[in-house]
Novice: 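Following this message is one structure expressed as C-alpha cells.
It should be emphasised that the depicted structure is a prediction, and the values quoted were computed from it without experimental measurement.
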Amino acid sequence: MTGRELHKLRRQDLLELLLEQSKVIAGLQAEHEERDMEAQQFEESNQRLGAKVEEKDVLIQKLQGRLNTKTERIKSLEDEMETFRRNRQAELEQTDSIAGAALRLNGIFEVAQQAADQYLYNVRQRYGQDAQTSYAQPEDIGRSGE
C-alpha cells in the first residue's frame, strides 16, 4: 500500500491492519525464537559430538600406540624365533658332525687297541714266555667283547 491509500483508510481499518501486522510479527518472533532454540540445541549437540570425537581420537591414539608396541614385540619375537631356528639348525649340523667324528674316533680306538694288543703279544713272545701259554692272539683280543 502506498501512503495515499493509507490516508484514505478509516481508523478501524488501520487498527485492523496494525493488529494483523502485530499478529504476523508475533508469529515471526515465535518462529524466530523457535529457530534460535533449535540452533542452540544443534550447537550443544554439535559440541557434545565434538567432545565425543575428541575422546575417540584420544582412544584411537592410545590404541595405535598399543598396536605399534605389539607390532614391535611381534617383530622382536619373530627375530628371536629366527635366531633360535638358525642356532638349532647349527646345533643339529654340529651334532651330525660330532656323531660322525665319534664314529671315526671309535674306529681309531679299535685300531689303536689292536696295535697295543699286538705290541703286548710281541713283547711276551720276545721275553721268553711260552708260546704254549694260553694268551690270545692279537686279532682275538680286540674282538673279545663282540
Novice: Given side chains that start at C-beta, do those of Phe84 and Met81 come closer than 4.5 Å, heavy atoms only?
Specialist: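 A side-chain contact is absent here, since even the closest heavy-atom pair is not under 4.5 Å.
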Novice: Hey, what do you get for CG (Leu105) to CD (Glu110), rounding to the nearest 0.5 Å?
Specialist: 11.5 Å
Novice: I would like to know whether Gln64 and Asn68 meet side chain to side chain contact (heavy atoms under 4.5 Å, CB included); could you show each step before the answer?
Specialist: CA-CA 6 Å; Gln64 187 67 39; Asn68 290 340; 3.4 Å; yes
Novice: Check the side chains of Asn122 and Gln118 for a donor-acceptor pair under 3.5 angstrom, ignoring hydrogens and angles.
Specialist: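 Asn122 and Gln118 do have a side-chain donor-acceptor pair below 3.5 Å.
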Novice: Side chains of Gln113 and Asp117: donor-acceptor distance under 3.5 Å anywhere?
Specialist: yes
Novice: Taking only Lys NZ, Arg NE, NH1 and NH2, and the carboxylate oxygens of Asp or Glu, determine whether Lys75 and Glu78 approach each other closer than 4.0 Å.
Specialist: no
Novice: Flag the pair Asp36 / Gln40 as yes when at least one side-chain heavy-atom distance between them is below 4.5 Å, and no otherwise.
Specialist: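 Not touching, per the 4.5 Å side-chain cut-off.
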Novice: Take atom CZ of Arg66 as the centre, draw a 6.0 Å sphere, and report whether it contains more than 12 heavy atoms from other residues, nucleotides or ligands.
Specialist: no
Novice: Within a radius of less than 6.0 Å around CD of Glu82, do more than 12 heavy atoms belonging to other residues, nucleotides or ligands occur?
Specialist: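 Atom CD in Glu82 is packed in, count exceeds 12.
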Novice: Any chance CD of Gln47 has more than 12 other-residue heavy atoms, nucleotides or ligands included, within less than 6.0 Å?
Specialist: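 Yes, CD of Gln47 has more than 12 neighbouring heavy atoms, counting only those of other groups under 6.0 Å.
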Novice: Check residues 22-29 and write down every donor-acceptor pair under 3.5 Å in which the side-chain atom is one partner and the other belongs to a residue at least two apart or another chain.
Specialist:
{"unit_1": "Ser22", "atom_1": "OG", "unit_2": "Leu18", "atom_2": "O", "d": "3.3"}
{"unit_1": "Ser22", "atom_1": "OG", "unit_2": "Leu19", "atom_2": "O", "d": "2.7"}

Novice: Within a strict 4.5 Å, meaning less than it, do heavy atoms of the Thr83 and Glu80 side chains meet?
Specialist: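 A side-chain contact is absent here, since even the closest heavy-atom pair is not under 4.5 Å.
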Novice: Please list all pairs passing the salt bridge (charged side-chain N to carboxylate O under 4.0 Å, His left out) test where one or both residues lie in residues 38-58, with sequence neighbours left out.
Specialist: Arg35-Glu38
Novice: Can you tell me how far the CZ atom of Arg10 sits from the CG atom of Leu15, to the nearest 0.5 Å?
Specialist: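 Those atoms lie 11.0 Å apart.
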Novice: Distance-only, no hydrogens or angles: does the Thr71 side chain make a donor-acceptor pair with backbone N or O of Leu67 under 3.5 Å?
Specialist: yes
